[in-house]
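See structure below.
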Number of protein chains: 2
Amino acid sequence: MATMQDVARLAQVSVSTVSYVLTGARPISQATRDKVLAAMAELDYQPNAMARGLASRRSRIVGLLLPMDERGLGATETAFVTGAAAGASAAGYHLVLAPIGVGDRDELRRLASQRMFDGALLMEVQLRDPRVDVLRELGVPLVLIGRTADTTDLSYVDIDFDRTVAEAVGHLVDLGHRRIVYVNHSAGTIAEGYGPALRTRDAFTAAMAAHGLEPLMIPAEDSAAGGRSALATALRQAPDLTAILAMNESAVFGLLGELHRRGLRVPDDVSVISMVTSPQVAELATPALTAMNSPGTALGRIAIETLLRHVDGGHREIHQQLLPCALQVRGSSGPPRTAGTAYPGAGGRQRPGPGSRAARRSAATARRP
Amino acid sequence: MATMQDVARLAQVSVSTVSYVLTGARPISQATRDKVLAAMAELDYQPNAMARGLASRRSRIVGLLLPMDERGLGATETAFVTGAAAGASAAGYHLVLAPIGVGDRDELRRLASQRMFDGALLMEVQLRDPRVDVLRELGVPLVLIGRTADTTDLSYVDIDFDRTVAEAVGHLVDLGHRRIVYVNHSAGTIAEGYGPALRTRDAFTAAMAAHGLEPLMIPAEDSAAGGRSALATALRQAPDLTAILAMNESAVFGLLGELHRRGLRVPDDVSVISMVTSPQVAELATPALTAMNSPGTALGRIAIETLLRHVDGGHREIHQQLLPCALQVRGSSGPPRTAGTAYPGAGGRQRPGPGSRAARRSAATARRP
DNA sequence: CTGAAAGCGCTAACAT
DNA sequence: ATGTTAGCGCTTTCAG
């Protein structure tokens, strides 16, 4: 393995000159630069990462902090990770996957004190996240994927839940739906302050109010079973529902199954929109789910780029960015059964079909102008 | 940030003594060890990772090499990754996610030459994988998750496809199925030598032969659409099929959807088993998929442990281990429609239900003793 | 525009 | 059982 010494000797220059052509930290004449480059090529020289890290106090490694206790990552989280890894790699950085959640405060302090990370990306951020304090205290630049309650002086990228929910609700209202139920994450998740669950809850309430509609939210465990029982609850509390918005990739499948079991057809009897969903998962359902596609990869990439700007540049300006999920209409949304009559111009398919829930929908129908 | 110097000064010993209590590379008296430990605690000392790496020529970082070009990781691959990350972390190592596939030979050479990785885990291994040559040449220990064609002197962990397929086929045969179709990955994937596709193909042929049955394999693109058209092909080539084995998490959902569209019920008309599938994904289907659960997390953990044995110990003995997927019977498998009569002792539910495919199955029925 | 040399913080001989 | 010291390979002053 050739060292910088070897290169310097072969190129007949000093080591510092070799270093400077590598880092570009000071001007080098074209002639000597060429000599050095030639020597490097000749020797297959690659700078030693540890030596460089020690001398420059920059490891060129960033940490991706995420808890991995639970049952693996969802498709959206996986997209964050791959987006971040690709972004880091493209910038000549390395991404370390560190299994560190909000509870691993001391473990993080230990890790960060070793100065292996030039910066850190935090995933699964809680409204109150001790990891932020630890990193700040140690002077490690950080960027959140998600948001804490107080984001003063904090860079983050996150999903624009307000816009995402508003667009989802808008899509359903445009189709003619009035009685829309929101299936959120579990009550426990909401109680412990999980941002996305809280933000979408509030956004749903606001969006429905903006249309003069009454919001109904049902919590559901993140599982098919959770989705099934959420549907039961939903039909009990709102027998006249014609559309469901679901924030829960796992639950939505149970929900679809239960709809089917009860003889309710999608989208003819009930429209279903899945929020913050990866296209791959949306395509698995039958019919394929109309969904708000999560910008997972883009978020990961932007987060890394933001972080590296802080690390590289000493860039002190914070960067806070929200990305909405994009509506992608697939097969699970359509006009409500009676919309053809009530809203002739609402667009979408008109499939009157054989009626089976006419009684149930009487309330919704009555509500219309 | 305290350095080893500071600790040595405070404890009134030499730096080497501090180093040795840290590494345990030579005996230290209890008295001085205590002094040193106290000083460390007092100063909140953490060894500098880069300095340690440079001096010891060991970064305590291992690379996880996987291509990330395509449309993200599946649940099974994600489980590898999280298993490996957890294992590395538990052993005091760091796991770098390096987006490097079989085609990134030069990029890998560059990376590995920087001596940032003490070892590497290779994912998405092809039968002929140039990454192996590069790493060997550079003296970087490696462990495969998967297998190349020639595994001489190579440590690997992989799924035991033979056993997995045999058990899946066995389950179906026990239920009374005789006409079983295997839906594999795409023809292109098979042609380019993707190990799992080839191995399961051969294992399927062997398993069917062992039961005196005729194998039929249909390739399918890794998508819902691929699954749908694979089903059409399957029904054309084997109208009498009663069971499908699918090696393709995406296709299997399309397959289920298409079965449903054609009025074929699962498992009453057709049993479906998904191979190498994560429980989370299996639970999404309706009915939940009977599946061969992939041992993703375990593979990742074992792979890391094997690698670290090579790295730490200079352990030269290779380790080759296959783990089968465990059969988990959920709702998508049951006896074939007529099995109740033909194989009264076959077990499982008996749901005769209203016949709709009697004609189609005549051939299969005829085949039975 | 280039060179010389002093570290970066630690490990691992080599001493004793 | 402990101390001394020479590097590990690079960056970055400080000089020219």
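Below, chain A is the first sequence line, B the second, and so on; all start at residue 1.
Side-chain atoms of B:Met116 and A:Asn48, non-hydrogen and from C-beta on, never get closer than 4.5 Å to each other. Between B:Tyr156 and B:Leu322, the closest side-chain pair of non-hydrogen atoms falls below 4.5 Å. Using a 4.5 Å heavy-atom cutoff, the side chains of A:Arg115 and B:Met50 are not in contact. Between B:Val13 and B:Lys35 the shortest side-chain heavy-atom distance falls below 4.5 Å.
The phosphate of D:dT11 (OP1 or OP2) has a side-chain N or O of A:Ser19 nearer than 4.0 angstrom. Between B:Thr17 and the phosphate of D:dG3, there is a side-chain N or O to OP1/OP2 separation shorter than 4.0 Å.
For A:Leu22 and D:dG9, the CG to P distance is 15 Å, given to the nearest whole Å. With rounding to whole Å, A:Met4 atom CE is found 15 Å from C:dA4 atom P. Summarising the geometry, the separation between CD on A:Gln114 and C1' on C:dC8 is reported as 17 Å, rounded to the nearest angstrom.
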Polar atom pairs between nucleotides 14-16 of chain C and protein, under 3.5 Å, N or O only, would you list them?
residue	atom	partner	partner atom	Å
C:dC14	N4	B:Arg26	NH1	3.4

Residues 140-149 of chain A side chain polar contacts: donor-acceptor under 3.5 Å, at least two apart:
residue	atom	partner	partner atom	Å
A:Arg147	NE	A:Asp158	OD2	2.8
A:Arg147	NH2	A:Asp158	OD2	3.2
A:Arg147	NH2	A:Ile159	O	3.4
A:Thr148	OG1	A:Asp150	O	2.9

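Neither side chain, A:Ser19 nor A:Ser16, offers a donor N or O lying under 3.5 Å from an acceptor on the other. For the residue pair A:Gln5 and A:Arg9, no side-chain donor N or O sits within less than 3.5 Å of a side-chain acceptor on the partner. Looking only at atom types and distance, the side chain of B:Ser14 has a donor-acceptor partner in the side chain of B:Thr17 under 3.5 Å away. Counting only N and O atoms by type, the side chains of A:His319 and A:Gln321 include a donor and acceptor under 3.5 Å apart.
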TODO: Please report the C-alpha distance between B:Glu137 and B:Arg109 in whole Å, then the side-chain angles of each, then the deciding distance to 0.1 Å, and finally whether the salt bridge (charged side-chain N to carboxylate O under 4.0 Å, His left out) criterion is met.
DONE: CA-CA 9 Å; B:Glu137 190 183 317; B:Arg109 186 184 304 280; 2.9 Å; yes

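Relative to the side chain of B:Pro27, the nucleotides D:dG9, D:dA1, C:dG3 differ in distance, and D:dA1 lies closest.
For the segment residues 29-43 of chain B, residues with any heavy atom less than 4.0 angstrom from an atom of DNA chain D are, sorted by number, B:Ser29, B:Thr32. Proximity of residues 45-62 of chain A to DNA chain C (heavy atom under 4.0 angstrom from any strand atom) is restricted to A:Leu54, A:Ala55, A:Arg57.
In this structure, A:Arg128 pairs ionically with A:Asp133, as a charged nitrogen and a carboxylate oxygen lie closer than 4.0 Å. Between B:Arg57 and B:Asp118, no side-chain nitrogen of the basic residue sits less than 4.0 Å from a carboxylate oxygen of the acidic one, so the salt-bridge criterion is not met.
Over its full length, the helix from C:dC1-D:dG16 to C:dT16-D:dA1 turns its helical axis through 30°, comparing axes from the five pairs at each end and rounding to 10°.
Partners of A:Asp104 by side chain to side chain contact (heavy atoms under 4.5 Å, CB included), not counting sequence neighbours, listed by chain and number: A:Ile100, A:Glu107.
The base of D:dT4 lies close enough to the side chain of B:Ser16 for a donor and an acceptor atom to sit less than 3.5 Å apart.
Among the protein residues, B:Val18 comes within range of no part of the nucleic acid, since none of its heavy atoms lies under 4.0 Å from any strand.
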